Every structure is written in structure tokens, then in C-alpha cells.
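Since the structure comes first, as C-alpha cells, the remarks are kept for the end.
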Amino acid sequence: MVYLERILKACAQVGIEGSFVDVEGDTPEIQEAELTAAIDRLNDDPRVAGIIVQMPLPPDVRLRAVVDAIDPLKDIDGIHPLNAGLLRLGYEGFIPATAHAALEMVHRSGIELRGADAVVIGRSPVVGMPLAFILAREDATVTLCHSKTRNLADKVRRADVVVVAAGKPGLVTGAMLKPGAVVIDVGINVVEGRIVGDVDFDSAEKVASAITPVPGGVGPLTNALLLSHLMRAAQRQDQAKEHFEA
Ligand code: NAD
């Protein structure tokens with residue numbers, strides 16, 4: 001909810017009308033049907049330029065059914081299979097905003113990705129997996145780690161760039177890092193009422209050359225980029241309409 005409220009606030013700040021559609025239902029089947037019907041209505045509404053679905057979905061609601069329902073032209077968080085496929089092939093499409101934010105962090109810090117060893121921890125379809133493709137496209141040599149990876153510390157120690165998106169507080173510590181490594185912490189966890197990332201910031205900042213804080217790092221940039229994706233979606237829909245009407 002906090003995440004959605006922040007996005008709606010960011011919309012309001014720049015004059016974009018955002019709204020939150022809450023879907024209810026007693027069983028996963030009803031929830032899924034209600035959710036896909038709500039997405040259909042948004043797809044058909046010409047006043048709506050972009051749609052995001054707040055994850056995680058309720059248990060037993062099928063992710064595939066939900067992402068398939070989104071019009072790829074309104075899929076500003078890049079979760080529809082068409083946009084995921086375009087990313088894999090290196091073509092223009094919508095990429096997930098969080099993965100985009102991690103890339104922007106690296107770019108805007110002037111860090112050279114070409115030839116760099118990058119480790120991405122987490123392989124979810126919305127964060128880790130797309131980011132691994134994006135970094136490979138930027139000429140980094142990418143190692144994609146996950147919950148079954150053996151000797152995670154060994155992989156992390158070799159990396160020039162470490163992106164952590166596992167949802168496990170304290171997963172990466174300063175002792176695991178190569179001196180001078182760049183650390184992007186995507187994780188958002190609540191520990192004893194405090195929001196923390198996946199990286200032990202205090203030990204990591206002593207070893208890293210650059211590190212993103214949580215809160216205040218990847219999250220706010222993700223929201224800003226989501227709005228830029230929304231603007232692009234609106235422009236593309238206008239172009240598609242003009243093409244159709246011509
Ligand atoms: P997810 O649960 O779908 O995926 C977690 C991934 O981490 C899995 O691939 C799993 O294999 C891997 N993993 C789990 N434990 C591990 C371990 N011990 N060692 C190595 N890998 C491990 O989560 P997600 O949706 O990808 O989100 C990841 C984190 O990023 C969460 O904390 C989430 O809240 C946060 N997040 C932040 C933003 C943002 O804008 N900053 C956006 C989306 C998600």
C-alpha cells in the first residue's frame with residue numbers, strides 16, 4: 001500500500017491523474033476473474049495510458065493469467081510476455097521500472113559496465129531476471145544468483161557490480177565484497193519496524209566505492225522512471241491511434 005501511495009503522490013506532483021483499483025473476491029478463481037476483468041476495462045479506457053499490477057498477487061491467483069491480460073502498449077512495468085520477449089531480443093519495449101532504476105543508478109554514477117563482472121542476486125521475472133539481460137546487453141559479464149546458488153560469497157567477491165534483489169536482509173555484507181565494488185540494493189524489508197535493504201549497509205559502505213541506501217535509493221528512482229514510462233506509453237498510444245485513423 002505504501003508503494004502504491006507513493007506512486008499516486010508522484011503522479012499528483014506532476015499533474016498525472018492516477019487511481020488505485022482494488023479487487024476483491026472470496027476465492028482465487030473469483031479474485032483472478034475480477035482482476036483480469038478490471039485490467040480489461042483499463043485496457044479499453046482511452047483515458048488510461050498505463051497499468052501496473054501490485055505484486056505479489058494473492059496466493060493461487062495465476063501470474064500468467066494476469067500479465068497476459070495487460071495491453072502491452074499500457075504495460076509500463078514491462079511484465080507482459082511481449083515486452084519481456086522484446087527485452088530478451090534487445091528490441092525497444094517497456095522494461096520493468098525497478099530493473100531500469102538499477103541500470104540508471106549505474107549509468108548516472110559514471111560506472112563503466114562494458115567488460116565489468118556483474119552479479120545479480122535474485123531471478124524473479126520482474127527484477128533479477130530482466131536486470132541480468134539488461135546488464136548483459138550493456139556488455140557486462142553477468143552471473144545470475146538465486147536461492148539454489150552455491151558459494152554465493154565467492155561469486156559476489158569477484159564482482160565489480162553487485163545488484164541484490166532477494167528480499168533477504170543482511171544477505172550481502174562488506175566481508176563478501178571486492179574492494180571498490182558498486183552495490184545496488186533493490187531489497188525492501190521491514191525489520192523490527194524499520195525498512196532495510198538486502199545489504200548490510202554499515203559493513204558494505206566501508207568496502208564499496210558506491211552503494212545505494214534503503215530507503216531512498218532504488219525505490220524513488222523506480223517511481224520516477226515509472227512516470228517516464230507512462231509518458232512514453234501515452235505518446236505511443238497517440239501514434240498508434242494516428243496510424244489507425246490515417
Ligand atoms: P521474489 O521473492 O520474487 O524473488 C526473490 C529472488 O531472490 C528469487 O529469485 C530467489 O531465488 C532469490 N533468493 C532468495 N533467497 C536467496 C538467497 N538466500 N540467496 C540468493 N538468492 C536468493 O522477489 P522480487 O519481487 O524480485 O523482489 C526482491 C526484493 O526487491 C524484495 O525485497 C522486494 O521488496 C524488492 N523490490 C524492490 C523494488 C523497488 O522499487 N526498490 C521493486 C520490486 C521489488
Side-chain angles (χ1 to χ4, degrees), residues 1-11 50 52-64 66-67 75-79 83-84 87 94-106 108 118-135 142-159 162-173 175-177 183-201 204 211-230:
M1 248 342 236
V2 174
Y3 178 62
L4 285 175
E5 278 162 12
R6 285 196 185 143
I7 294 172
L8 291 180
K9 195 171 158 205
C11 284
I52 58 167
V53 177
Q54 176 63 33
M55 303 287 175
L57 294 174
D60 298 325
V61 170
R62 293 170 307 158
L63 179 67
R64 179 72 202 267
V66 175
V67 298
D75 173 34
I76 56 172
D77 210 12
I79 61 172
N83 284 313
L87 169 62
F94 288 112
I95 61 176
T98 305
H100 192 179
L103 177 69
E104 280 295 311
M105 286 279 182
V106 176
R108 292 180 191 205
V119 158
V120 177
I121 306 177
R123 60 172 166 184
S124 75
V126 286
V127 189
M129 188 70 84
L131 187 59
F133 280 96
I134 291 169
L135 294 174
V142 182
T143 303
L144 181 56
C145 301
H146 46 77
S147 56
K148 308 288 184 300
T149 296
R150 288 194 212 115
N151 302 325
L152 183 69
D154 287 351
K155 271 96 187 157
V156 171
R157 199 162 291 118
R158 288 202 297 268
V162 182
V163 186
V164 197
K168 294 279 179 279
L171 183 63
V172 170
T173 62
M176 295 163 75
L177 295 169
V183 181
I184 311 283
D185 190 353
V186 178
I188 300 177
N189 311 287
V190 181
V191 176
E192 293 169 0
R194 270 190 335 125
I195 294 182
V196 298
D198 287 350
V199 178
D200 175 41
F201 188 87
I211 180 169
T212 61
V214 178
V218 173
L221 185 55
T222 299
N223 294 347
L225 287 170
L226 202 53
L227 299 190
S228 76
H229 291 191
L230 181 66

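In listed order, ligands and their atoms are each counted from 1. Computed from a predicted structure; not experimentally measured. Nothing fancy with the numbering, it's 1 onward along the sequence.
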(message) Between ligand 1 and G128, can you find any atom pair, the residue atom being a heavy atom, that is separated by under 4.0 Å?
(response) no
(message) I'd like to know if the side chain of D198 reaches the main chain of L171, judged simply by a donor and an acceptor atom lying under 3.5 Å from each other, with no hydrogens or angles considered.
(response) no
(request) Please identify which atoms of ligand 1 are closer than 4.0 Å to at least one heavy atom of K168. (result) 15 (N)
(request) Decide yes or no for I7 and I52: does some side-chain heavy atom of the first lie under 4.5 Å from some side-chain heavy atom of the second? (result) yes
(request) Spell out, as yes or no, whether a donor-acceptor pair under 3.5 Å connects the side chain of D77 to the backbone of P96. (result) no
(request) Begin with the C-alpha distance, continue with both residues' side-chain angles, and end with the deciding distance and a verdict on side chain to side chain contact (heavy atoms under 4.5 Å, CB included) for M55 and L63. (result) CA-CA 9 Å; M55 303 287 175; L63 179 67; 3.4 Å; yes
(message) I need the nearest protein heavy-atom contact for atom 5 (C) of ligand 1: residue, atom name and distance, please.
(response) A166 O, 3.6 Å
(message) Within the structure provided, determine whether I121 and V156 are in side-chain contact (heavy-atom separation under 4.5 Å).
(response) yes
(request) Using distance alone, determine whether D198 and ligand 1 share an N or O pair under 3.5 Å. (result) no
(message) Would Y3 count as a polar contact of ligand 1, with the cut-off being nitrogen or oxygen pairs under 3.5 Å?
(response) no
(request) State the atoms of ligand 1, each with its element, that fall below the 4.0 Å cut-off from a heavy-atom position in V186. (result) 30 (O), 35 (C), 36 (N), 37 (C), 41 (N)
(message) If we ignore hydrogens and angles and just use 3.5 Å, is the side chain of K155 paired with the main-chain N or O of L144 as donor and acceptor?
(response) no
(message) Suppose I only count heavy atoms of T98 and a 4.0 Å limit; which atoms of ligand 1 are within that range?
(response) 38 (C), 39 (C), 40 (O), 42 (C), 43 (C)
(message) Considering non-hydrogen atoms of the protein only, which is the closest contact for atom 29 (C) of ligand 1, and what is the distance?
(response) G167 N, 3.6 Å
(request) Just need the protein heavy atom nearest to atom 10 (C) of ligand 1, so name the residue and atom and give the distance. (result) S147 N, 3.9 Å
(message) Restricting to side-chain contact (heavy atoms from CB on, under 4.5 Å), what partner residues turn up for I95, sequence neighbours left out?
(response) L87, H100, I134, H229
(message) Can you report which non-hydrogen protein atom sits closest to atom 18 (N) of ligand 1, along with the distance?
(response) L171 CD1, 3.6 Å
(request) Apply side chain to side chain contact (heavy atoms under 4.5 Å, CB included) to T98 and V126, showing your working. (result) CA-CA 8 Å; T98 305; V126 286; over 6 Å; no
(message) Please list, in number order, the atoms of ligand 1 under 4.0 Å from a heavy atom of I121.
(response) 20 (C), 21 (N)
(request) Taking T149 for its side chain and L152 for its backbone only, find out whether a donor-acceptor pair lies under 3.5 Å. (result) no
(request) Could you tell me which atoms of ligand 1, counted from 1 in the order shown, lie closer than 4.0 angstrom to a heavy atom of T222? (result) 40 (O)
(request) Quick one: do E5 and L8 satisfy side chain to side chain contact (heavy atoms under 4.5 Å, CB included)? Show the steps, please. (result) CA-CA 5 Å; E5 278 162 12; L8 291 180; 5.7 Å; no
(request) Just go through A97, P56, S124 and tell me whose heavy atom is the nearest to atom 26 (O) of ligand 1. (result) S124
(request) Please report which non-hydrogen protein atom sits nearest to atom 8 (C) of ligand 1, along with the residue it belongs to and the distance in Å to one decimal place. (result) R123 N, 3.9 Å
(request) Show your reasoning for whether side chain to side chain contact (heavy atoms under 4.5 Å, CB included) applies to H146 and M129. (result) CA-CA 10 Å; H146 46 77; M129 188 70 84; over 6 Å; no
(request) Provide the number and element of each atom of ligand 1 under 4.0 Å from a heavy atom of H146. (result) 11 (O), 19 (N), 20 (C), 21 (N), 22 (C)
(message) Can you report which non-hydrogen protein atom sits closest to atom 44 (C) of ligand 1, along with the distance?
(response) V127 CG2, 4.0 Å
(request) Considering only protein heavy atoms, determine whether one is less than 4.0 Å from atom 2 (O) of ligand 1. (result) no
(message) Test your reading of the structure: does I188 have an N or O sitting under 3.5 Å from an N or O of ligand 1?
(response) yes
(request) Heavy-atom contacts with G122 under 4.0 Å: which atoms of ligand 1 show up? List them by number with element. (result) 6 (C), 7 (O), 9 (O), 12 (C)
(request) State, yes or no, whether a side-chain contact exists between F201 and V183 at a heavy-atom distance under 4.5 Å. (result) no
